[in-house]
Asker: 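I have a structure I would like to understand better, so I am pasting it below and will then ask my questions one at a time.
Values below: all heavy atoms of this structure, side chains included; hydrogens, waters and symmetry mates excluded. Small disclaimer: the values here were computed from a predicted structure and weren't measured.
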Amino acid sequence: MINYQLTEEQKMIKDLARQIAEEKIKPYSKEWDEKEEFPESAIQALAKSDMNAICIPTEYGGMGGGVFDLCLAVEEIARIDGGVATSYAATFLGMFPILLNGTEEQKKKYLPDIAAGKKLCAFALTEPEAGSDASNVKTTATKDGDYYILNGTKHFITNGGVADINVVIAVTDKSKGARGVSAFIVEKGTDGFTFGKKEEKLGIRCSPTRELIFQDCKIHKSQLLGGMEGLGFIATMRTFDYSRPGVAAQAVGIAQGAMELAIEYAHKRIQFNQKITSFQGIQWMIADMGTKIEAARALVYASAKAADSGQKNIGPASAAAKYFASDVAMEVTTNALQIFGGYGYIKEYPIEKYMRDAKITQIYEGTNQIQRNIVALALIKEFGK
Amino acid sequence: MRIAVCIKQVPNTTEVKINPKTNTLIREGVESIINPFDMYAIEEALRLKEKFNAETFVITMGPPQAESALKEAISMGIDNPVLVSDRAFAGSDTWATSLTLAKAIEKIGNIDLIICGKQASDGDTAQVGPGIAAHLNIPQATYVNHIKNINIEEKWIEVSRLLENGFEILRVELPALITVVKEINEPRTPSLKGKMRAKSIQIPVFTNKELQIPENMVGLNGSPTQVVEIFTPSHKVGGKIFQGDPDHIIDQFILEIKDLL
């Protein structure tokens with residue numbers, strides 16, 4: 001509804017993402033979802049089209065764009081398939097810590113290959129006992145000369161098993177609490193690094209979610225993110241500040257796709273001898289969907305632009321965008337399915353997948369309850385005199 | 001290795017309507033696209049570029065707005081565009097078009113392989129590709145569904161042709177021309193860097209000043225084909241059903257056929 005005055009380059013990103021989504025994702029989306037199959041061809045098409053280069057600086061072979069540009073791409077992909085959008089965005093989730101906190105050597109070593117689409121990434125923080133309580137990680141990294149020995153298990157890791165570059169959060173000094181947590185860049189194929197159970201999920205089923213297992217996994221100290229211990233928690237928080245607008249954009253895309261399908265269906269569906277779009281009950285549902293999506297989009301774009309402008313403390317803005325947009329996505333997809341009526345509940349129709357895919361956006365990269373905590377604490381700190 | 005891909009800009013046929021009075025295509029407001037079969041030709045050239053580090057050219061003959069088709073090919077990764085455009089070329093049939101394109105390819109020079117789509121979605125003749133090969137007096141292989149092998153030192157290409165009753169494996173000398181079918185590959189989408197390059201690229205134009213083709217061999221004057229009439233075939237529905245005993249039906253049927261002859 002609203003024209004966001006995109007630059008020519010931003011239009012290019014948006015148009016190309018839409019083209020890839022329509023041509024290389026849409027025809028296979030249902031099959032990937034049913035079989036829980038990794039969308040290799042789609043991820044490759046995105047990579048070959050420089051989509052992984054979007055927010056990597058030009059000096060490392062990227063396009064030099066920002067979080068906003070990434071949001072445009074994620075939104076278009078999620079409009080067609082929320083699962084492909086997850087796997088696509090997860091490469092940025094694994095890339096951001098290197099970009100934000102990596103040493104110059106680490107950036108030079110990894111960013112060009114990521115930009116060229118040769119390497120996919122994953123970010124490994126979550127553990128069975130460390131979900132929302134991110135500082136409670138149990139995976140350890142014990143110093144041994146020029147090496148660190150990693151032991152522990154990460155779970156629910158997006159792109160686990162397919163990512164070449166894994167940023168892994170581990171405890172280097174338990175006595176220091178959150179400041180004793182470090183981040184390591186672990187390449188696929190490293191001895192002692194294996195993959196465990198692949199989860200069967202409600203939605204985003206084509207995006208692999210898997211356990212990463214570290215058993216006496218020996219990592220050279222040059223792989224310690226930022227070249228110093230204790231950066232793990234800070235790198236994680238900074239990464240989420242930059243990646244959450246992407247999750248929010250994914251939610252907007254899922255909601256947009258669901259709304260379009262619902263309107264298309266409603267405009268063909270005849271009941272009582274007329275199109276059901278002629279009923280005010282349906283019209284008001286459509287109006288609410290469109291308005292809420294547009295409000296979410298505006299908040300997402302604003303938070304992404306805040307991140308790109310170099311503003312400090314963007315955490316509350318990206319948290320607000322993430323929880324607002326994902327709540328909208330859940331509401332819109334539920335109502336879109338409602339418009340499809342009984343057909344919406346049947347797998348032959350595409351709408352139920354949107355509802356399943358939407359749910360995760362309220363949960364991952366920080367539950368919406370944690371997001372509300374972030375926003376509330378920031379507001380109380382500012383105005384609670 | 002140097003590869004030239006010949007493409008044509010066509011109206012997006014899924015949207016084309018015919019003016020019932022003039023029997024011509026209504027082109028206003030219809031999006032122009034690269035002929036879908038030519039997309040496979042571009043993709044195959046790009047795969048050879050990646051494999052053999054080949055230099056790739058894309059050529060189209062048409063009005064100045066055909067530039068956008070060339071730019072799309074550039075955004076997919078083709079190195080060099082050439083627009084063949086001159087008022088003198090207007091109205092060319094497949095003979096004159098293939099001659100003009102052959103001259104343009106000669107002018108580019110040292111092309112080892114020419115790739116065309118099997119036919120254009122508007123004209124549907126499938127004549128321009130073979131015509132170029134004929135004018136250049138080089139071997140051709142049409143309906144290629146797979147390039148099996150290329151030997152650059154020994155100068156040959158081995159291809160599989162998709163025929164009605166099977167595949168034909170053919171080895172031809174280079175330089176050669178092939179036309180490709182959709183089974184050969186899946187065309188890629190453009191890249192962001194390609195799109196940026198396409199945005200700023202200067203497209204060289206070959207007019208007849210450069211190609212120096214005699215006037216009676218280009219455009220309408222140089223086209224042996226004459227379009228006498230264009231019409232939309234009328235849809236005939238139904239038919240005649242004969243009823244009664246078999247002998248009677250056969251008699252009736254024969255009478256009816258005699259009437260038609």
Asker: What is the distance from atom CZ of B:Arg188 to atom CD of A:Gln44, rounded to the nearest 0.5 Å?
Answerer: 11.5 Å
Asker: Sort by residue number and list every residue of residues 57-87 of chain B having at least one heavy atom under 4.5 Å from chain A.
Answerer: none
Asker: Does any donor atom in the side chain of A:Ser49 or B:Ser191 lie under 3.5 Å from an acceptor atom in the other side chain?
Answerer: no
Asker: Apply the side chain to side chain contact (heavy atoms under 4.5 Å, CB included) test between B:Pro190 and each candidate in A:Ile20, A:Asp50, A:Leu16; give the one that qualifies.
Answerer: A:Leu16
Asker: Is the number of heavy atoms from other residues, nucleotides or ligands under 6.0 Å of B:Asn110 CG greater than 12?
Answerer: no
Asker: Under the rule for side chain to side chain contact (heavy atoms under 4.5 Å, CB included), what residues qualify as partners of B:Pro175, not counting sequence neighbours?
Answerer: B:Ile138
Asker: Are there more than 12 heavy atoms of other residues, nucleotides or ligands under 6.0 Å from atom CD of A:Glu8?
Answerer: no
Asker: So for A:Met63, is it side chain, backbone, both, or neither that comes closer than 4.5 Å to the heavy atoms of chain B?
Answerer: side chain
Asker: Salt-bridge test for B:Glu186 and A:Lys24: reply yes if a basic N is under 4.0 Å from a carboxylate O, no otherwise.
Answerer: yes
Asker: Under 3.5 Å, sequence neighbours excluded: what are the donor-acceptor pairs made by side chains of residues 123-132 of chain B?
Answerer:
{"residue": "B:Asp124", "atom": "OD1", "partner": "B:Gln119", "partner atom": "NE2", "Å": "2.7"}
{"residue": "B:Thr125", "atom": "OG1", "partner": "B:Gln127", "partner atom": "N", "Å": "3.2"}
{"residue": "B:Gln127", "atom": "OE1", "partner": "B:Thr94", "partner atom": "OG1", "Å": "2.7"}

Asker: Evaluate whether atom CD of A:Glu104 has more than 12 neighbouring non-hydrogen atoms of other residues, nucleotides or ligands under 6.0 angstrom away.
Answerer: yes
Asker: Can you list the steps and then say if B:Leu192 with A:Ile54 is a side chain to side chain contact (heavy atoms under 4.5 Å, CB included)?
Answerer: CA-CA 9 Å; B:Leu192 287 173; A:Ile54 287 178; 3.9 Å; yes
Asker: Rounded to the nearest 0.5 Å, what separation is found between the CE atom of A:Met51 and the OG1 atom of B:Thr189?
Answerer: 7.5 Å
Asker: Does atom NZ of A:Lys26 have more than 12 heavy-atom neighbours, drawn from other residues, nucleotides or ligands, at distances under 6.0 Å?
Answerer: no
Asker: Check the surroundings of atom CD in A:Glu187: do more than 12 heavy atoms from other residues, nucleotides or ligands lie under 6.0 Å from it?
Answerer: yes
Asker: Is it true that atom NZ of B:Lys182 has more than 12 heavy atoms of other residues, nucleotides or ligands lying nearer than 6.0 Å?
Answerer: no
Asker: Would you say that A:Glu9 contacts B:Met196 through its side chain, given a criterion of any heavy-atom pair below 4.5 Å between the two side chains?
Answerer: yes
Asker: Please indicate whether B:Lys51 has more than 12 foreign heavy atoms, meaning atoms of other residues, nucleotides or ligands, lying under 6.0 Å from its NZ.
Answerer: no
Asker: Identify every side-chain donor-acceptor pair in residues 252-265 of chain A under 3.5 Å, counting partners at least two apart or on other chains, and give the distances.
Answerer:
{"residue": "A:Gln256", "atom": "OE1", "partner": "A:Arg297", "partner atom": "NH2", "Å": "2.9"}
{"residue": "A:Gln256", "atom": "NE2", "partner": "A:Glu260", "partner atom": "OE2", "Å": "2.8"}
{"residue": "A:Glu260", "atom": "OE1", "partner": "A:Arg79", "partner atom": "NE", "Å": "3.1"}
{"residue": "A:Glu260", "atom": "OE1", "partner": "A:Arg79", "partner atom": "NH2", "Å": "2.9"}
{"residue": "A:Glu260", "atom": "OE2", "partner": "A:Arg79", "partner atom": "NE", "Å": "3.2"}

